[in-house]
Amino acid sequence: MDEHIRAALLQIRAELRPDLPVAVLTGAGISAASGIPTFRGSADSLWENYRPEELATPEAFARDPELVWRWYDWRRAMIAAAEPNAAHLALARLAERVALTLITQNVDGLHQRAGSRGVLEFHGSIWRLRCTACGRTQDDRRVPLPIPPLCEACGGLLRPGVVWFGEGIDPAIMSGAAAAAQDCALFLVVGTSGAVHPAAGLAAVARDSGARVLEFNLELSAVSREVDLFVPGSAAETLPLLVP
Ligand code: APR
């Protein structure tokens, strides 16, 4: 790693203190080292091999719920077999040293398995199912799932508790994330292409509110112009440098 970047990270590490408000936005790149494919950017990325409009929209689910469920069931099995990596663990440790708000676009639950609490799941969770008839949600970790999974309460068709393209972010999560970006002194962006809003807009909110913005990514992304320090490399190798 470039010596200037390493020195800057060690300097920020030395300034960490319990009342320092820090906000973090993570994307699929943080789970790549755990063997979970990202959505964009490499040959095995999900959207290189599957069409989001066929699998990640309410229309696609209405058209063919079993096709959509078979895809989510495949992803659930892959995630269940994965382990949090050093980047997830570093963020769980960081929460013990600063006043941390962890915002993730990931639906995999690996932050929570690494020990992070109060995670703002911006795009929902692949482990939460919602009834399309009675609206009831239930946590469900069965792998494999019976397809299609049905509601325990009313027998209605369950859908994945994730935010699909064309759907809105939970208002409570949106306002919590925006407040954390506005109030933080340090904002970390980890493993996101910045392709999807409103999540990708949080870095600019933080910067415009005077926070120092750091990005951890293999390559420059759509949010890189908002950051003060770009840290190249795999987050599993670079992020632990920031947290004792
Ligand atoms: N360490 C750090 N960054 C990485 C690593 C790694 N080991 N591997 C990949 N990356 C970076 C890539 O360079 C890319 O910038 O992670 C990013 C992954 O980008 P996407 O696949 O677009 O994932 P994300 O930004 O989370 O997607 C946003 O899009 O499809 C929707 O709802 C889905 O939440 C998702 C949203």
Side-chain angles (χ1 to χ4, degrees), residues 1 5 9 24-58 60-61 68 71-72 75-76 78-79 82-91 102-111 114 119-128 159-170 173-174 177 188-204 213-227 229-243:
M1 176 183 287
I5 295 174
L9 283 180
V24 180
L25 174 69
T26 66
I30 199 170
S31 296
S34 297
I36 311 292
T38 60
F39 293 93
R40 304 166 187 87
S42 64
D44 69 345
S45 289
L46 296 173
W47 298 148
E48 303 298 328
N49 299 290
Y50 305 95
R51 296 159 51 80
E53 55 276 12
E54 281 175 10
L55 293 163
T57 66
F61 188 71
V68 172
W71 189 65
Y72 277 92
R75 290 179 59 196
R76 284 163 56 103
M78 194 168 41
I79 295 166
E83 290 297 329
N85 63 59
H88 297 106
L89 297 167
L91 291 179
L102 177 49
I103 308 155
T104 188
Q105 298 171 86
N106 301 345
V107 297
D108 58 28
L110 289 179
H111 283 302
V119 179
L120 295 181
E121 295 181 305
F122 217 70
H123 295 156
S125 170
I126 205 167
W127 303 111
R128 197 168 310 119
R159 60 157 283 174
V162 301
V163 178
W164 280 327
F165 291 102
E167 295 186 319
I169 305 297
D170 176 313
I173 291 178
M174 184 68 233
L188 311 180
V189 187
V190 185
T192 182
S193 60
V196 174
H197 286 261
L202 293 168
V213 182
L214 274 57
E215 181 179 18
F216 297 78
N217 199 314
L218 289 178
E219 59 187 22
L220 293 177
S221 72
V223 298
S224 299
R225 62 178 172 276
E226 320 287 358
V227 313
L229 181 69
F230 179 78
V231 183
S234 174
E237 288 156 27
T238 56
L239 204 48
L241 288 170
L242 186 65
V243 190

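One-based numbering, in listed order, for ligands and for the atoms of each.
Atoms of ligand 1 lying under 4.0 Å from any heavy atom of Gly27, numbered from 1 in the order shown and given with element: 26 (O). Below 4.0 Å from some heavy atom of Glu219 lie the following atoms of ligand 1, by number and element: 13 (O). Every atom of ligand 1 is numbered from 1 in the order shown, and the set under 4.0 Å from a heavy atom of Ala28 is 23 (O), 24 (P), 26 (O).
By the criterion of a heavy-atom distance under 4.0 Å, neither the backbone nor the side chain of Ala33 is placed next to ligand 1. Looking at Val196 against ligand 1, only its side chain comes within 4.0 Å, counting heavy atoms.
Residue Phe39 has at least one N or O atom closer than 3.5 Å to an N or O atom of ligand 1. Checked by distance only, ligand 1 and Ala235 come closer than 3.5 Å through their nitrogen or oxygen atoms. Residue Arg40 places at least one N or O, backbone or side chain, under 3.5 Å from an N or O of ligand 1. Distances between N or O atoms of Ser193 and those of ligand 1 include at least one value under 3.5 Å.
Side-chain atoms of Thr57 come within 3.5 Å of backbone atoms of Ala60 as a donor-acceptor pair (strictly under, hydrogens ignored).
Here the shortest heavy-atom pairing between Ala86 and Ala236 reads CB-O, 3.4 Å. For Phe122 against Ala177, the heavy-atom pair with the smallest separation is CE1-CB, 3.7 Å. The shortest non-hydrogen separation linking Leu110 to Asp108 is N-OD1, 2.9 Å. The minimum heavy-atom distance between Gly168 and Val163, with the atom names listed, is O-CG1, 3.7 Å.
To the nearest 0.5 Å, the span separating CD1 on Ile126 from CD1 on Ile79 amounts to 4.0 Å. Separating the CD1 atom in Ile36 from the CE atom in Met78 is a distance of 5.5 Å, to the nearest 0.5 Å.
Below 30°, between 30° and 60°, or above 60°: for His111 and His88 the angle between ring planes is above 60°, a perpendicular geometry.
For the pair Ile30 and Leu91, the minimum side-chain heavy-atom distance is below 4.5 Å.
The closest approach between any non-hydrogen atom of Phe165 and ligand 1 is below 4.0 Å.
Selection from Gly124, Gly191, Ala236 by nearest heavy atom to atom 17 (C) of ligand 1 gives Gly191.
Looking at atom 4 (C) of ligand 1, its nearest protein heavy atom turns out to be Gly29 CA, 3.6 Å. The protein non-hydrogen atom at the shortest distance from atom 32 (O) of ligand 1 is His123 ND1, 3.5 Å.
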